[in-house]
Novice: 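Have a look at the structure that comes next, please.
Protein chains get the first letters and strands the later ones, always in sequence-line order, with residue 1 at the start of each.
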2 protein chains.
Amino acid sequence: MSDTVRSREEVSIADVAERAGVSVATVSRVLNGHTNVREATREKVRAAVAASGYRINELARNLRTAESRLLLTMVPDFGNPFYAAIVRGIDSVARQNGYFMLLCDTGADPLRERSYFDLLRGRRADGAICLDPAAVQNALAEEASALPWVACCEFDPDAGVPYVGIDNHLAAGDVVRYLIAKGHRRIALINSGHGYLYGRQRQAGYRDALEAAGIAANPAWQIDLDSLDYDAGERAAAQLASLGRERPTAIFAVSDTLAIGVMNGLRGAGLRVPEDVAVVGFDDIAVAAHVDPPLTTVAQPMQALGEAAANLLLKRLRDPRAHVPGVLLPHRLIQRRSA
Amino acid sequence: MSDTVRSREEVSIADVAERAGVSVATVSRVLNGHTNVREATREKVRAAVAASGYRINELARNLRTAESRLLLTMVPDFGNPFYAAIVRGIDSVARQNGYFMLLCDTGADPLRERSYFDLLRGRRADGAICLDPAAVQNALAEEASALPWVACCEFDPDAGVPYVGIDNHLAAGDVVRYLIAKGHRRIALINSGHGYLYGRQRQAGYRDALEAAGIAANPAWQIDLDSLDYDAGERAAAQLASLGRERPTAIFAVSDTLAIGVMNGLRGAGLRVPEDVAVVGFDDIAVAAHVDPPLTTVAQPMQALGEAAANLLLKRLRDPRAHVPGVLLPHRLIQRRSA
DNA sequence: CTGAAAGCGCTAACAT
DNA sequence: ATGTTAGCGCTTTCAG
């Protein structure tokens with residue numbers, strides 16, 4: 001009570017020890033919940049801690065224990081709502097295991113991503129989960145492969161890095177088969193360029209499903225974009241609409257943002273969805289159910305993906321030489337009104 | 001060349017020193033770019049560093065220098081795209097000043113937020129920027145006020161915490177005056193509940209502007225929601241639409257997500273935007289320009305808000321006893337087709 | 001220009 | 001059950 005004035009000077013474990021009339025070791029034991037301390041002593045220490053306003057210096061503890069209990073999650077674009085649920089999944093597992101999870105916005109820039117890996121190298125974080133494009137990951141794989149990290153959603157199965165994701169080839173096939181079952185034979189694909197592995201996988205799934213149904217793919221119906229934003233989708237739709245009688249009756253866009261842009265572009269060209277052109281997206285982001293018409297799309301088990309990634313990472317931290325396998329989780333086609 | 005095999009054992013500064021035939025002090029000097037080292041010695045050290053694959057242990061350095069050069073940004077909801085540009089602004093300033101910025105998703109939960117503040121208390125981060133609701137901040141203000149942090153967008157001017165934001169009262173007034181100028185007199189407000197200070201400020205701005213124009217506010221046209229998501233906006237619109245002849249001709253929603261939901265709800269009720277009901281949102285998030293019709297809304301200078309917040313924080317870190325003032329930045333009404 | 005040595009604040013043997 | 005002590009890996013006087 002008499003010591004209300006907390007000096008702004010840092011109070012250390014030694015100060016607490018002195019105050020409580022015990023050794024620093026005892027204070028440390030109390031702090032860490034070791035059982036071999038007499039209750040009376042424990043109480044004295046607690047009182048001294050409270051009275052002094054002591055706060056443990058985790059930096060010192062971390063240096064000593066050689067771990068930070070910090071996990072990093074690297075996202076390529078913080079503005080993309082797609083990552084939200086994944087991040088929540090990671091966070092919940094991290095928390096349950098006594099770790100903090102902190103987010104890094106890499107901007108899909110290898111240099112920035114490298115700088116975050118430096119946090120691992122400098123022992124300031126214990127591990128990382130990377131949601132970045134496989135290309136970015138690969139640029140770093142060589143020197144980074146010894147570091148404790150796992151890939152999520154975007155990954156190269158051959159990079160030797162543990163990963164979690166879905167079967168993109170199968171998912172794209174499911175979309176095409178769904179569209180075919182609805183009577184479509186003129187199906188376009190709007191893809192995300194070759195930076196993303198998932199793009200190549202979905203393209204292959206699209207092609208193979210078409211082929212399996214005996215439908216020849218029209219090259220004019222395959223558009224590769226270098227962006228995933230609404231505008232890009234809009235422009236692609238305009239391009240497809242301008243085909244006139246040669247235009248497709250269904251469009252599969254590899255992301256919901258693209259698909260929403262597509263619907264806008266179609267509307268701009270005087271075409272109705274789904275009457276004139278059906279549209280399917282990918283990801284099932286929050287707005288997808290709230291655009292007009294609501295978007296048919298492929299849902300990934302985002303939360304589960306994040307949880308699985310976190311669990312993989314923790315396993316790797318516990319046993320650095322454990323074999324950590326790649327994991328594929330099931331997706332789901334969400335049927336709404338756009339197709 | 002002969003030493004390609006990097007032992008997985010941690011190599012320390014002492015190892016490098018031995019290898020280079022110098023003292024650890026000299027290695028440290030080279031590492032930190034001190035000038036008082038002979039070029040030949042410097043070269044020897046560099047070679048030893050490269051050959052050994054040495055990586056500085058930042059934990060140790062941080063302990064010694066008593067700083068982490070880590071900044072935290074706390075967001076209430078990682079999934080809300082509203083924060084993206086702000087975060088980028090913070091990040092760029094942090095980077096330019098040699099800091100890492102890491103994101104924390106608090107879920108607007110005071111307990112979780114407190115846990116992140118613990119990172120500050122434990123010296124694992126040097127400072128923080130908090131984008132959380134003022135209510136959450138206040139729950140922590142008492143004990144947290146000694147910590148180096150600033151509030152951004154949501155803040156209590158009286159909490160004694162440095163802040164950056166916009167003039168919400170004025171912005172809401174601008175919206176109402178714009179609507180009045182367009183001939184509207186039946187203007188509804190869809191608000192976000194009382195958890196958010198900006199909600200109260202915008203409500204006051206709405207009321208005052210109406211009053212100044214001699215228009216009596218109809219209580220049935222003021223809806224308080226406890227959520228900001230699309231569904232909530234949709235339900236509120238349905239409620240307003242059900243008023244029949246008593247329904248408003250314009251709706252001001254305090255966030256774009258709400259506004260988009262409102263437009264959907266209106267459409268569901270057979271009402272056209274803007275012909276039957278005009279809609280104005282707030283924030284100018286990315287989708288706002290891509291919904292149908294494009295949304296008229298208030299843009300906040302997000303990037304600038306983030307930069308200003310980061311600069312305030314850095315100033316506070318440099319001089320803990322400096323007076324750091326509150327800062328208000330200008331907003332802008334973006335006129336599109338919804339109103 | 002370089003080295004020796006003293007810590008930063010903590011944990012974990014190893015005593016007692 | 002408690003204390004002593006040796007570091008964790010680094011930076012920084014202080015000497016030389």
Novice: Within the structure, does a side-chain N or O atom of A:S28 lie under 4.0 Å from either OP1 or OP2 of C:dC10?
Specialist: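 No, A:S28 has no side-chain N/O under 4.0 Å of OP1/OP2 on C:dC10.
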
Novice: Are B:R64 and D:dG9 close enough that a side-chain N or O sits under 4.0 Å from OP1 or OP2?
Specialist: no

Novice: Under 4.0 Å from OP1 or OP2 of C:dT11: is there any side-chain N or O of A:R61 that close?
Specialist: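 Indeed, a polar side-chain atom of A:R61 lies that close.
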
Novice: Reckon A:T41 has a side-chain N or O less than 4.0 Å from the OP1 or OP2 of D:dT2?
Specialist: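 Checking A:T41 against D:dT2: at least one side-chain N or O falls below 4.0 Å of OP1 or OP2.
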
Novice: Do B:T106 and B:D132 have a side chain donor and acceptor closer than 3.5 Å?
Specialist: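 A pair is found: one side chain offers a donor N or O, the other an acceptor, under 3.5 Å apart.
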
Novice: Between A:F117 and A:W149, what is the ring plane arrangement, given parallel below 30°, perpendicular above 60°, and tilted in between?
Specialist: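 It falls in the perpendicular class, over 60°.
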
Novice: Using a 4.0 Å heavy-atom cut-off, does A:A66 contact any base of the nucleic acid, only the sugar-phosphate backbone, or nothing at all?
Specialist: nothing

Novice: Output yes when at least one side-chain N/O atom of B:T26 is less than 4.0 Å from OP1 or OP2 of C:dG3, else no.
Specialist: yes

Novice: Describe the nucleic acid contact of A:N57 in one word from base, sugar-phosphate, nothing, applying a heavy-atom distance below 4.0 Å.
Specialist: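 Sugar-phosphate only.
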
Novice: Does a side-chain N or O from A:S23 land closer than 4.0 Å to OP1 or OP2 of D:dG3, or not?
Specialist: yes

Novice: Rounded to the nearest 0.5 Å, what separation is found between the CD atom of B:E43 and the CD atom of B:E39?
Specialist: 6.0 Å

Novice: Using a heavy-atom cut-off of under 4.0 Å over every strand shown, decide if B:L31 touches base, sugar-phosphate, or nothing.
Specialist: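 Result for B:L31 = nothing.
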
Novice: Given ring-ring contact (aromatic ring centres under 6.0 Å, His included), test A:Y116 with B:F100 step by step and report yes or no.
Specialist: CA-CA 8 Å; A:Y116 289 116; B:F100 274 101; 5.7 Å; yes

Novice: Distance criterion of 3.5 Å, no angle test: do you see the side chain of A:R123 paired donor-to-acceptor with the base of D:dG9?
Specialist: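 Between D:dG9 and A:R123, which were checked side chain against base, a qualifying N/O pair under 3.5 Å is absent.
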
Novice: Start at the 5' end of DNA chain D and walk down; is the nucleotide closest to A:V22 or to B:V24 reached first?
Specialist: A:V22

Novice: Look at the side-chain N and O atoms of B:N32 and state whether any lies under 4.0 Å from the OP1 or OP2 oxygen of D:dT11.
Specialist: yes

Novice: Heavy-atom nearest nucleotide on DNA chain D for B:R29 versus B:R55: which residue maps closer to 5'?
Specialist: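 Checking each residue's closest nucleotide, the 5'-ward one belongs to B:R55.
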
